[in-house]
Amino acid sequence: MFTGNVTHKPDSKSRVAVPAGWRAAHDAVLTLIEATSEGYPVVKCYTRDAFEQKLNTIRSQAEARGAEPGDIDRYIGLITGRCFEAEVSSQGKLLIPKAQRERLRVTDSVVLVGRGAYFELWSPADFAAVNSPDAVAKIELDKLFHILS
């Protein structure tokens with residue numbers, strides 16, 4: 001399970017260190033997909049198994065809602081078409097390709113954020129913005145559970 005967050009500076013080869021606890025129990029190859037979170041660009045990083053489970057969940061939930069098989073295939077195709085695989089090196093480093101670095105606006109550091117079954121890559125400024133007290137105060141579920149505020 002990916003939990004917590006850490007900020008690292010990419011090395012000269014644009015690789016970032018993955019926390020040891022995150023890489024110890026997982027396959028060295030990750031499936032990465034460009035996405036957005038609250039309007040900010042992120043890269044979601046799944047293990048192969050977690051990504052396959054995610055696609056299976058999407059398919060089964062879409063089928064349960066009566067979606068057409070062709071629509072389901074197109075949607076899954078859009079997702080998989082935006083993915084690429086990246087290997088965590090034996091030194092525990094993940095290469096962030098140039099296109100993704102530019103999209104995230106990562107220059108001197110990147111935030112790795114645990115999301116349970118996967119983790120995300122964020123620019124520090126964007127991550128700070130979605131975690132500001134004002135941003136947290138707008139989360140309806142936190143008004144109910146009072147975990148973050």
Side-chain angles (χ1 to χ4, degrees), residues 1-62 67 70-142 145 147-149:
M1 186 161 199
F2 300 106
T3 59
N5 70 80
V6 62
T7 302
H8 285 299
K9 293 184 178 214
D11 66 15
S12 62
K13 297 179 181 176
S14 297
R15 299 175 305 176
V16 65
V18 175
W22 290 9
R23 63 182 187 256
H26 299 291
D27 188 354
V29 178
L30 298 173
T31 301
L32 282 60
I33 182 169
E34 294 181 359
T36 59
S37 181
E38 300 182 47
Y40 294 97
V42 299
V43 173
K44 295 182 178 187
C45 306
Y46 290 88
T47 64
R48 286 177 171 167
D49 289 342
F51 187 67
E52 184 177 345
Q53 289 174 4
K54 184 68 169 178
L55 292 180
N56 290 337
T57 299
I58 291 168
R59 183 174 296 282
S60 64
Q61 288 181 357
D71 291 339
I72 297 169
D73 288 343
R74 278 190 291 284
Y75 182 61
I76 289 175
L78 286 171
I79 294 169
T80 57
R82 293 181 183 193
C83 293
F84 57 97
E85 288 191 336
E87 186 172 353
V88 177
S89 72
S90 59
Q91 295 84 28
K93 295 188 176 188
L94 173 68
L95 174 68
I96 305 172
K98 183 179 179 184
Q100 284 70 36
R101 284 192 324 273
E102 290 174 351
R103 184 176 170 276
L104 291 171
R105 298 181 303 277
V106 167
T107 53
D108 57 337
S109 60
V110 62
V111 183
L112 289 77
V113 182
R115 297 291 190 208
Y118 65 98
F119 66 93
E120 295 174 337
L121 306 177
W122 284 76
S123 80
D126 292 349
F127 184 68
V130 299
N131 285 283
S132 71
D134 289 340
V136 171
K138 294 177 185 176
I139 300 172
E140 291 298 319
L141 287 176
D142 198 53
F145 296 108
I147 300 293
L148 302 173
S149 59

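Predicted, not measured: the structure shown is a model, and the values here were computed from it. For this chain, numbers begin at 1 and follow the sequence in order.
- For the residue pair Ser37 and Val42, the shortest heavy atom distance occurs at CB-CG1, 4.0 Å.
- To the nearest 0.5 Å, atom CG of residue Leu104 and atom OG of residue Ser123 are 7.0 Å apart.
- The one candidate from Phe2, Tyr118, Phe119 that meets the side chain to side chain contact (heavy atoms under 4.5 Å, CB included) condition with Cys45 is Phe119.
- Taking CD1 of Ile76 as the reference point, atom CG of Asn56 lies at 8.0 Å (rounded to 0.5 Å).
- The distance from the NZ atom of Lys54 to the OG1 atom of Thr31 is 13.5 Å, given to the nearest 0.5 Å.
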message: Quick one, Ser89 with Arg15, criterion side chain to side chain donor-acceptor pair (under 3.5 Å). Give me CA distance, side-chain angles, the key distance, then yes/no.
response: CA-CA 9 Å; Ser89 72; Arg15 299 175 305 176; 4.7 Å; no
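- Contact of the Val106 side chain with the Val16 side chain is not registered, since no non-hydrogen atoms from C-beta on lie closer than 4.5 Å.
- At a threshold of 4.5 Å between non-hydrogen side-chain atoms, the residues Leu121 and Gln100 do not count as touching.
- Here the closest non-hydrogen pair linking Thr7 and Val111 is OG1-CG2, 3.5 Å.
- The structure places CG of Asn5 at 4.0 Å from CZ of Phe127, a figure rounded to the nearest 0.5 Å.
- Of all heavy-atom pairs spanning Pro41 and Asp126, the tightest one is CD-OD2, 3.7 Å.
- Contact annotation: the side chain of Thr47 approaches that of Leu30 to within less than 4.5 Å [non-hydrogen atoms, C-beta and beyond].
- Closest approach of Arg48 to Val29, counting heavy atoms only: NH2-CG1, 3.4 Å.
- Between the side chain of Arg105 and the backbone N or O of Trp122 there is no donor-acceptor pair closer than 3.5 Å.
- At distances below 3.5 Å, at least one donor-acceptor pair connects side-chain atoms of Trp22 with backbone N or O atoms of Thr3.
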query: Going through the distances and angles, do Arg59 and Asp73 end up as a side chain to side chain contact (heavy atoms under 4.5 Å, CB included)?
result: CA-CA 8 Å; Arg59 183 174 296 282; Asp73 288 343; 3.1 Å; yes
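- Contact of the Ile96 side chain with the Val43 side chain is not registered, since no non-hydrogen atoms from C-beta on lie closer than 4.5 Å.
- His8 NE2 to Asp108 CG: the interatomic distance, rounded to the nearest 0.5 Å, is 14.0 Å.
- Among residues two or more places apart in sequence or in another chain, the ring pair (Phe, Tyr, Trp, His ring centres under 6.0 Å) test is passed with Phe51 by Tyr46.
- Rounding to the nearest 0.5 Å places CD of Glu38 at 8.0 Å from CG of Asn131.
- In terms of heavy-atom proximity, Ala50 sits nearest to Ala117 at CB-O, 3.6 Å.
- By the side chain to side chain donor-acceptor pair (under 3.5 Å) test, Asp71 pairs with Arg74, sequence neighbours left out.
- Across Lys44 and Ala35, no two heavy atoms sit closer than the pair CE-CB, 3.9 Å.
- Looking at Pro19 and Leu112, their side chains come closer than 4.5 Å, going by heavy atoms from C-beta outward.
- Few gaps surround CZ on Arg103; more than 12 heavy atoms of other groups in view lie less than 6.0 Å from it.
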